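To keep things clear, I will list the structure first and then write my remarks on it.
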2 protein chains.
Amino acid sequence: MVEYTLHLDGIFHSLADPIRRDILRRVAERNLSIGELVEKYEVSFAAISKHINVLEQAKLVRRRKEGRRQFVVLQPATLKEADAYLEQYRRMWESRYDKLEKLLEEGE
Amino acid sequence: MVEYTLHLDGIFHSLADPIRRDILRRVAERNLSIGELVEKYEVSFAAISKHINVLEQAKLVRRRKEGRRQFVVLQPATLKEADAYLEQYRRMWESRYDKLEKLLEEGE
DNA sequence: AGTATATTCAACCATATGGTTAAATGTTAT
DNA sequence: ATAACATTTAACCATATGGTTGAATATACT
């Protein structure tokens with residue numbers, strides 16, 4: 001039946017876009033309003049608004065209303081799920097066997 | 001400028017699909033031929049072949065030809081990049097501040 | 001050589017994605 | 001009340017995605 005934790009779909013899908021990764025990076029520094037974020041990119045206000053929707057659905061950020069502005073707030077805890085997913089592979093990429101595999105690739 | 005490491009796009013995009021995550025999980029156990037993988041899912045041979053293309057482009061797997069069959073081989077080292085990406089947020093989701101944030105959310 | 005097996009390729013389809021512009025909504029300032 | 005500001009919504013567009021079926025290709029078996 002493939003997978004129980006459909007939540008990962010949204011998290012990884014969010015992270016697959018460079019603008020969204022950049023938004024995360026910036027709001028990890030400090031909370032920014034949507035307008036402030038828009039200034040950083042060469043796309044429309046609406047486009048950024050949509051990106052933030054994607055991130056919000058994935059629970060990677062939430063919105064905090066403040067007057068007529070909305071601040072985007074990182075929810076770093078959600079990234080734990082992605083980390084937990086990768087965890088199961090960590091021993092593999094750290095193993096000597098994997099390093100051998102890499103050598104074989106390069107040796108082709 | 002958004003982001004230099006476009007490689008992450010392909011990695012995270014790959015991981016955003018449950019069938020592809022499941023393929024990774026299975027080939028992490030042992031190398032499987034495409035045909036063997038097809039049996040596990042209720043989609044066509046061609047669909048699985050495409051999924052493997054996506055994973056291969058992202059360098060998460062490679063194909064090893066063996067007679068008329070092709071075995072799908074995990075390349076776990078690539079996942080290191082995803083892990084390195086998450087790394088920069090780890091201290092944030094482990095911090096007490098983040099735990100406080102979570103409490104505030106739940107308290108709403 | 002001819003047949004069966006394993007996989008890819010091509011054409012196609014429906015839906016999703018990331019973008020746009022313009023109008024609508026909500027909030028603050030005058 | 002009205003104007004300015006911040007954001008969302010709606011309608012639209014091009015391309016990507018994930019799926020299909022059927023023909024083509026490559027390898028192995030008899």
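Below, read A as the first sequence line, B as the second, and so on, with proteins coming before strands; counting in each chain starts at 1. Quick caveat: nothing in here was measured; it's all calculated off a predicted structure.
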Legend entry - Residue pairs involving residues 65-74 of chain A (criterion salt bridge (Lys or Arg N to Asp or Glu O under 4.0 Å); sequence neighbours excluded): none

Legend entry - Minimum side-chain heavy-atom gap A/L79-A/L60 below 4.5 Å: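 Side-chain contact under 4.5 Å: yes.
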
Inset, instruction - Would you check if B/D22 and B/R25 make a side-chain contact, meaning some heavy-atom pair closer than 4.5 Å? - result: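 With C-beta onward as the side chain, the pair touches.
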
Inset, instruction - Respond yes when some side-chain nitrogen or oxygen of A/R69 is under 4.0 Å from OP1 or OP2 of C/dT28, and no when none is. - result: no

Inset, instruction - Ignoring backbone atoms, test whether A/Q70 places a side-chain nitrogen or oxygen under 4.0 Å from the OP1 or OP2 oxygen of D/dT8. - result: yes

Nearest-Å distance, [atom1] ([X]) to [atom2] ([N])?
X: A/Q57; N: C/dT17; atom1: CD; atom2: P; answer: 10 Å
X: B/R68; N: C/dT3; atom1: CZ; atom2: P; answer: 16 Å
X: A/I34; N: C/dT27; atom1: CD1; atom2: C1'; answer: 15 Å
X: A/R63; N: C/dG26; atom1: CZ; atom2: C1'; answer: 14 Å
X: B/N53; N: D/dT17; atom1: CG; atom2: P; answer: 12 Å
X: A/I48; N: D/dT9; atom1: CD1; atom2: P; answer: 16 Å
X: B/E56; N: C/dC9; atom1: CD; atom2: P; answer: 10 Å
X: A/N31; N: D/dA6; atom1: CG; atom2: C1'; answer: 17 Å

Legend entry - Intermediate values then yes/no, side chain to side chain contact (heavy atoms under 4.5 Å, CB included), A/L15 and B/L8: CA-CA 8 Å; A/L15 296 178; B/L8 285 176; over 6 Å; no

Inset, instruction - Any chance you could list the contact pattern along nucleotides 18-23 of chain D? Use B for base contacts, S for sugar-phosphate-only contacts and - for none, protein heavy atoms under 4.0 Å, 5' to 3'. - result: SBBB--

Inset, instruction - Identify the residue among A/R20, A/R62, A/R63, A/R64 that makes a salt bridge (charged side-chain N to carboxylate O under 4.0 Å, His left out) with A/E56. - result: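 Between A/E56 and the candidates, salt bridge (charged side-chain N to carboxylate O under 4.0 Å, His left out) is satisfied uniquely by A/R63.
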
Inset, instruction - Flag the pair B/R30 and B/E36 as a salt bridge only when some basic side-chain nitrogen lies within less than 4.0 angstrom of an acidic carboxylate oxygen. - result: yes

